[in-house]
Novice: 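The structure under discussion is supplied below as structure tokens; questions concerning it will follow.
As the structure is a computational prediction, the values presented were derived from the model and not from experiment.
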Amino acid sequence: MKVDYISFNLLICSYKISFRRRNFQTIHGYARVSTLGQSLDNQIQNLRDNDVLKENIYTDKYTGTSTSRVGFQKLLDTLKSGDTLVVTKLDRLARNTREALNVLNELQDKNIKINILNLGIIDNSSIGKFTTTVLLAVAEMERDMIVNRTQEGKKYAKKHNPNYREGHRTRLTGKNKDKYPAIYEYKQSHTSNETAKAFAITFKRVKKI
């Protein structure tokens, strides 16, 4: 009987360990930079300081012309319900607020917590959804303000510049970006395609700014 009792306890312990492993909630981290020359070290250190193991950190380095995020895709394939994703800032999760909100909604639907170190935890709770809604409102306001500034600039140019023509194909370069501050500013946090659509100009013209 004594041997059977010990065996029974060993069986229970084994079951508990197996159950915990199957239901273990993992903390993952994601770091991203926009150019190959930038370093990920600072972001990775911040993630490790917030309990993210080195083997659970996924990274990407890519430019504005390359939208491929191999590391992020691997992360999405790994995340499961109950896990937590840690990023240092919201803009590390995506290149612009709109894209980030799409990612947040997808993760919330999968019951994954998102810990943005400079904002806090966003989950599937009512407060988490409220935070997402606020971020969406800020994104819309940001776009509207930039578009309004562009329209005001056009009105001013029409009034004070007799040579101004709507849609005039002036050569745009980084050197004269001060002439197009709204477009240049918008481009820093959005893709070239998004910028072209927002300001009703061609993709090629955006690339020259």
Novice: List the residues meeting side chain to side chain donor-acceptor pair (under 3.5 Å) with Asp41, not counting sequence neighbours, and say none if there are none.
Specialist: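 With sequence neighbours excluded, Asp41 shows a side chain to side chain donor-acceptor pair (under 3.5 Å) to Ser39, given in chain and number order.
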Novice: Between CG of Leu40 and CG of Leu47, what distance do you get to the nearest 0.5 Å?
Specialist: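 Result: 10.0 Å between the selected atoms.
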Novice: Please name the residue in the list Thr88, Val87, Leu85 that meets the side-chain contact (heavy atoms from CB on, under 4.5 Å) test with Ile116.
Specialist: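 Testing each of Thr88, Val87, Leu85 against Ile116, the sole residue satisfying side-chain contact (heavy atoms from CB on, under 4.5 Å) is Val87.
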Novice: If Ile, Leu, Val, Met, Phe, Trp and Tyr residues are connected whenever their side-chain heavy atoms lie under 4.5 Å apart, and connections chain through other members, are Ile121 and Leu104 in the same group?
Specialist: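 Shared cluster, no.
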Novice: To the closest 0.5 Å, what do you measure between CD (Gln45) and NZ (Lys54)?
Specialist: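 That separation rounds to 10.5 Å.
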Novice: Restricting to side-chain contact (heavy atoms from CB on, under 4.5 Å), what partner residues turn up for Asn42, sequence neighbours left out?
Specialist: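 In terms of side-chain contact (heavy atoms from CB on, under 4.5 Å), with neighbours along the sequence ignored, Asn42 is linked to Asn46.
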Novice: Following the transitive rule for hydrophobic clusters with a side-chain heavy-atom cut-off under 4.5 Å over Ile, Leu, Val, Met, Phe, Trp and Tyr, establish whether Ile112 and Leu119 coincide in one cluster.
Specialist: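 Yes, Ile112 and Leu119 fall within the same hydrophobic cluster.
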Novice: Check Asp83 with Lys80, please: is the shortest side-chain N to carboxylate O separation under 4.0 Å?
Specialist: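 The answer is yes: the pair qualifies as a salt bridge.
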Novice: Asn50: which residues meet the side-chain contact (heavy atoms from CB on, under 4.5 Å) condition with it, sequence neighbours left out?
Specialist: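 Here the qualifying residues are Leu117.
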Novice: Please find the pair of heavy atoms, one from Val70 and one from Asp60, that lie closest to each other, and give the distance.
Specialist: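 For Val70 versus Asp60, the nearest heavy atoms are N-OD1, 3.3 Å.
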Novice: Considering only heavy atoms from C-beta outward, does the side chain of Phe72 approach that of Thr59 to under 4.5 Å?
Specialist: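 Answer no - side chains too far apart.
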Novice: For a 4.5 angstrom cut-off between non-hydrogen side-chain atoms, does Asn56 reach Ile27?
Specialist: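 A side-chain contact is absent here, since even the closest heavy-atom pair is not under 4.5 Å.
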Novice: Please list, chain by chain and in numerical order, all residues satisfying side chain to side chain donor-acceptor pair (under 3.5 Å) with Asp123, sequence neighbours excluded.
Specialist: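 Ser125.
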Novice: Hey, does His28 have a side-chain heavy atom less than 4.5 Å from the side chain of Thr78?
Specialist: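 SC-SC contact between Thr78 and His28 confirmed.
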Novice: Would a 4.5 Å heavy-atom cut-off, applied to side chains only, mark Val86 and Ile114 as touching?
Specialist: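 They are not in side-chain contact.
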Novice: Could you work out, with side chain to side chain donor-acceptor pair (under 3.5 Å) as the rule, every residue matching Asn111, not counting sequence neighbours?
Specialist: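 Asn111: side chain to side chain donor-acceptor pair (under 3.5 Å) contacts with Ser81.
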Novice: Could you list the residues that satisfy salt bridge (charged side-chain N to carboxylate O under 4.0 Å, His left out) with Lys110, not counting sequence neighbours?
Specialist: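 Per chain and number, Lys110 pairs via salt bridge (charged side-chain N to carboxylate O under 4.0 Å, His left out) with Glu106.
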Novice: Applying ring pair (Phe, Tyr, Trp, His ring centres under 6.0 Å), name anything that partners Tyr58, two or more places apart in sequence or on another chain.
Specialist: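 For Tyr58 there are no ring pair (Phe, Tyr, Trp, His ring centres under 6.0 Å) partners, ignoring immediate neighbours.
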Novice: Considering residues at least two apart in sequence or located in another chain, which fulfil the side chain to side chain donor-acceptor pair (under 3.5 Å) criterion with Gln43?
Specialist: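 None.
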Novice: Of all the heavy-atom pairs spanning Ile44 and Ala31, show the shortest one and how long it is.
Specialist: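 In terms of heavy atoms, the two residues are closest at CG1-CB, 4.4 Å.
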Novice: Between Arg32 (side chain) and Arg92 (backbone), is there a donor-acceptor pair under 3.5 Å?
Specialist: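 Looks like yes, one N/O pair under 3.5 Å.
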Novice: How about Ile127: does its CD1 atom have over 12 heavy atoms from other parts shown lying under 6.0 Å from it?
Specialist: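 No, CD1 of Ile127 has 12 or fewer neighbouring heavy atoms, counting only those of other groups under 6.0 Å.
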